[in-house]
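Side-chain atoms are counted along with the backbone in the values below, which use heavy atoms only and exclude waters and symmetry mates. We're numbering straight along the sequence, starting at 1.
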Amino acid sequence: MRGPGPTARDRRRRREKRERQYKLVCAEVDTRDGPQCRACKGWVGAAAHHHHIIYRSHRDAHTDTARNIIRLCARCHDLVHQHKLVVYGTTADTVEFEVVAE
């Protein structure tokens, strides 16, 4: 027989640990990509969005790595999620962008 599942405290601690790790990864991405949007090369500074090349919902826990995250400005990030700007590549090193004609 199995014991009781994780407590609310255990779940909160795991969530906080994931959030701390994600912030460290984002800081690594910010250092790598600098203050520019990877798509339009515009300056974004602290207002950058961290975009997952392979969405979290499409893979396992390994999507929260610097190889899978790029910095985008709010406009380009919205365009990606509206399918008007397509991201090609499987890692931040191989990523390319294509604007979809309407």
Side-chain angles (χ1 to χ4, degrees):
M1 183 170 180
R2 296 176 69 182
T7 65
R9 174 192 247 174
D10 294 335
R11 289 189 299 273
R12 185 181 72 247
R13 285 182 177 166
R14 275 188 257 153
R15 184 184 68 248
E16 289 170 352
K17 182 179 178 182
R18 280 192 312 269
E19 289 171 0
R20 282 192 306 273
Q21 290 170 336
Y22 183 68
K23 285 180 183 181
L24 290 173
V25 169
C26 288
E28 183 180 342
V29 170
D30 292 347
T31 300
R32 180 195 66 212
D33 291 352
Q36 293 180 315
C37 171
R38 288 285 296 267
C40 70
K41 308 297 184 208
W43 188 84
V44 292
H49 290 244
H50 294 97
H51 176 72
H52 288 76
I53 298 167
I54 299 171
Y55 296 162
R56 287 176 169 173
S57 60
H58 295 173
R59 287 262 316 264
D60 55 21
H62 300 290
T63 58
D64 281 345
T65 64
R67 289 175 46 98
N68 189 49
I69 299 173
I70 55 175
R71 249 180 111 138
L72 296 176
C73 65
R75 181 179 165 271
C76 289
H77 195 236
D78 287 343
L79 290 173
V80 168
H81 286 284
Q82 293 170 9
H83 306 288
K84 295 179 181 177
L85 178 66
V86 179
V87 179
Y88 291 104
T90 55
T91 68
D93 298 331
T94 63
V95 72
E96 294 179 20
F97 302 92
E98 180 181 331
V99 177
V100 177
E102 294 188 62

Can you name the residues that form a side chain to side chain contact (heavy atoms under 4.5 Å, CB included) with Glu98, not counting sequence neighbours? Tyr88
Can Ile53 be reached from Val80 by stepping across I, L, V, M, F, W or Y side chains whose heavy atoms are under 4.5 Å apart? yes
Could you pull out all donor-acceptor pairs under 3.5 Å where a side-chain atom in residues 9-29 meets a protein atom, sequence neighbours excluded?
| from | atom 1 | to | atom 2 | distance (Å) |
| --- | --- | --- | --- | --- |
| Asp10 | OD2 | Thr7 | N | 3.3 |
| Asp10 | OD2 | Thr7 | OG1 | 3.2 |
| Arg11 | NH1 | Pro6 | O | 2.7 |

Does the side chain of Glu96 reach to within under 4.5 Å of the side chain of Val86, using non-hydrogen atoms? no
What about Val87 and Leu79, same hydrophobic cluster or not, with Ile/Leu/Val/Met/Phe/Trp/Tyr joined at side-chain heavy-atom distances under 4.5 Å? yes
Between Arg71 and Asp33, which heavy-atom pair has the shortest distance, and what is it? N-OD2, 3.0 Å
Throw together a table of side-chain donor-acceptor distances under 3.5 angstrom for residues 39-50, partners on residues two or more places apart or in other chains.
| from | atom 1 | to | atom 2 | distance (Å) |
| --- | --- | --- | --- | --- |
| Lys41 | NZ | Arg38 | O | 3.2 |
| His49 | ND1 | His77 | ND1 | 3.3 |
| His50 | NE2 | Asp30 | OD1 | 2.7 |

Evaluate the side-chain proximity of Phe97 to Ile70: yes if any heavy-atom separation is below 4.5 Å, no if none is. yes
Restricting to side chain to side chain contact (heavy atoms under 4.5 Å, CB included), what partner residues turn up for Thr91, sequence neighbours left out? Arg67, Asp93, Thr94
Heavy-atom pair with the smallest gap, counting every atom of Ala92 and Val95: O-CG1, 3.5 Å
